[in-house]
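Below is one structure, written out as structure tokens; the observations come after it.
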Amino acid sequence: MDRRQFLKTSTAAVAAMGAGTAPWRAAQAQATPIKIGLLAPLTGVVASGGKEMVEGVQFYLDQVKNEMGGRKVELVIEDDASNPDTALQKARRLVEQGNCHMLIGNLLANTGLAVANYVKGTGTPYFIPIIAADDLTQRARIKNVIRVAGYTASAFTHPFGDWCLKQGYKRIATISQDYTFGHEQCGGLAQVFTEGGGTIVQQFWHPLNTADFSPYLGQLAELKVDAIFAMETGADSTRLIQQYASFGLKEKTPLLMAMNGTDQSVIRTIGPECEGIVAAAHFAEGSDVPTTAKFEKEYEAKYGKIPSLYGFSMYSGMMWIDAALKKIDGKVEDRETFIETVLKTELDNSPLGKAVKFDDYGNPIYDVYIRKVVKRADSKFWNVPIETYPNVSQFWKYDPATYLKQPPYSRTFQGIKKA
């Protein structure tokens, strides 16, 4: 055999061998675990919620035998410490050192925004079942930052403002933690409430981890309002509810709260001070919807406590991701296809009992419950729906293009219509 014939034969053999091993290499890639980086505040002011985020993820993975999209899952957990700088540092570690295929989690808006800005440059899929900063699915959307089982902060307080008007409330004051989530939840309620003829008498903003609310409560008591809306998370919520009652305001002025204010991570730690508080959310653990009741019972049997919003959201987020991965045979390495598939996937068979899909901006559309804290027969407290607003858009009843022309809700812009 001459040299040219030898080279021709050898090249063909190598090509044939490469073609033969391509499926093997693909199979090997599929056999490696999907690495998921979970960011949660396991220390800091909202640590109670962070621990339940981890439980929600692990609860789902236990049910699917630690396999999603036909591949084993390796879960890597990092504590963001309720701090944006720490969250950014941990996200980098998960992506650049841990080689995670995706990130999921964070609780506080400021930590989520820090991570979102980071993955904007890396292209890493980042799933946010809890981070609710409005603009992440509005004016500053990042395609690889996806609200699986998530929500915008103002989406549920828009209908809450409408509900307040229907109760005959004309004058409301607000008190809130002074950061993005608080600004947006208060703004959603304030805009709809004032456009409907109501008045926001005064707004109070306080730092995270406020120990003593008496200076605020003293001023609130003097305002003579029909109701007070409070946006509190974690330990701040516990303290405000307890001090509101001990200050004598509970019997005088109805306390309305953002959904995180009466979350299970808060109300299971206190007594009758929380009873009767009304909040708006897409999830009510005391609902009699069969799939919700089933989830609640199974979760309580496993963890010995009623599921929180955080546990539910992370569980449902993992369910949504898994549904998309099944459609692409677990090929998470193809980021573009993965992200497109998630956005086209509807969440069904979830604890909500109703299929949920994304709007054109990548935000889920939910039924919103107005829920009230009531005592169960076993003396535990939970949130029970008292009214439902179906198919609520993050833009409420506004035209999206018109809505997006107004500034995002902030401490200086609350959407308040002047009388």
Side-chain angles (χ1 to χ4, degrees), residues 34-39 56-57 60 64 68-71 73 91 95 100-106 109 112-113 115-156 282-283 312-368 391-396 399-401 403-404 408:
I34 294 174
K35 293 190 71 172
I36 300 177
L38 169 58
L39 290 153
V57 170
Y60 183 75
V64 296
M68 293 170 63
R71 293 168 67 177
V73 172
V95 172
C100 289
H101 294 105
M102 69 187 84
L103 302 177
I104 186 169
N106 295 110
L113 288 169
V115 176
N117 286 328
Y118 165 65
V119 300
K120 184 177 182 179
T122 67
T124 307
Y126 172 40
F127 298 103
I128 49 172
I130 294 168
I131 296 302
D134 283 6
D135 262 0
L136 286 177
T137 49
Q138 292 180 13
R139 301 163 190 84
R141 185 182 176 195
I142 302 169
K143 193 170 183 181
N144 56 305
V145 178
I146 306 174
R147 282 196 211 282
V148 288
Y151 42 84
T152 55
S154 60
F156 303 151
H282 62 312
F283 174 67
F312 153 78
S313 296
M314 297 301 286
Y315 176 95
S316 299
M318 292 291 284
M319 177 182 280
W320 207 324
I321 294 167
D322 193 12
L325 284 171
K326 285 182 171 71
K327 292 182 179 180
I328 59 171
D329 298 322
K331 296 173 185 173
V332 71
E333 289 82 5
D334 185 347
R335 287 178 173 179
E336 188 171 338
T337 299
F338 177 39
I339 290 167
E340 289 289 349
T341 304
V342 172
L343 290 170
K344 292 175 182 175
T345 298
E346 288 191 16
L347 176 65
D348 54 17
N349 301 317
S350 83
L352 290 175
K354 179 180 179 179
V356 182
K357 64 180 181 180
F358 289 107
D359 65 13
D360 292 339
Y361 296 80
N363 194 75
I365 301 170
Y366 296 109
D367 289 354
V368 174
N391 301 317
V392 174
S393 163
Q394 64 174 325
F395 302 109
W396 181 229
D399 169 65
Y403 183 88
L404 292 173

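- Atom CD1 of I128 and atom CG of L136 lie 5.0 Å apart (nearest 0.5 Å).
- Open room surrounds NZ on K344; 12 or fewer heavy atoms of other groups in view lie less than 6.0 Å from it.
- Of all non-hydrogen atoms in P364 and A149, the two that sit nearest each other are CG-N, 4.4 Å.
- Contact annotation: the side chain of S316 never approaches that of F283 to less than 4.5 Å [non-hydrogen atoms, C-beta and beyond].
- Taking a cutoff of 4.0 Å between a charged side-chain nitrogen and a carboxylate oxygen, K143 and E336 do not qualify as a salt bridge.
- Distance check: I146 CD1 to F358 CZ gives 6.5 Å after rounding to the nearest 0.5 Å.
- Looking at every heavy atom in both residues, P125 comes nearest to H101 through CD-O, 3.4 Å.
- For the atom pair CD (Q138) and OG1 (T152), the distance works out to 6.0 Å, reported to the nearest 0.5 Å.
- V73 has its side chain out of reach of Y60: every pair of non-hydrogen atoms, C-beta onward, lies at least 4.5 Å apart.
- Applying the ring pair (Phe, Tyr, Trp, His ring centres under 6.0 Å) test to every pair with at least one member in residues 115-145, sequence neighbours left out, gives these pairs: F127-F338.
- Annotation for L103 and A91: closest pair CD1-CB, 4.1 Å, computed over non-hydrogen atoms.
- Atoms CZ and CG, on F395 and N363 in that order, are 7.5 Å from each other to the nearest 0.5 Å.
- Between the side chain of D329 and the backbone N or O of G69 there is no donor-acceptor pair closer than 3.5 Å.
- When the shell of 6.0 Å around NZ of K120 is examined, it contains 12 or fewer heavy atoms from other residues, nucleotides or ligands.
- Counting heavy atoms from C-beta on, the side chains of I328 and D334 never come closer than 4.5 Å.
- Under the ring pair (Phe, Tyr, Trp, His ring centres under 6.0 Å) criterion, Y151 pairs with F156, H282, sequence neighbours left out.
- Few gaps surround CG on D399; more than 12 heavy atoms of other groups in view lie less than 6.0 Å from it.
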Residue pair V57, I36: steps toward the side-chain contact (heavy atoms from CB on, under 4.5 Å) verdict: CA-CA 10 Å; V57 170; I36 300 177; over 6 Å; no
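- Note that CE of M68 is 10.5 Å distant from CE of M319, once rounded to the nearest 0.5 Å.
- In the model, T345 has a side-chain atom that pairs as donor or acceptor with a side-chain atom of K327 under 3.5 Å.
- Using a 4.5 Å heavy-atom cutoff, the side chains of S154 and D134 are in contact.
- A heavy-atom distance below 4.5 Å is not found between the side chains of V392 and D367.
- Considering only heavy atoms from C-beta on, I131 stays 4.5 Å or farther from V115 through its side chain.
- Note that CD1 of I104 and CE of M318 are 5.5 Å apart. Values are rounded to the nearest 0.5 Å.
- Of all the heavy atoms in G317 and P129, the pair that sits closest is CA-CG, 4.3 Å.
- Shortest non-hydrogen contact noted between V332 and M102 is CG2-CE, 3.6 Å.
- When all heavy atoms of K331 and R71 are compared, the closest pair comes out as CA-NH1, 4.3 Å.
- Looking at heavy atoms from C-beta onward, K354 lies in side-chain contact with N391 at the 4.5 angstrom threshold.
- Residues Q394 and T137 have side chains that bring a donor and an acceptor to within less than 3.5 angstrom of each other.
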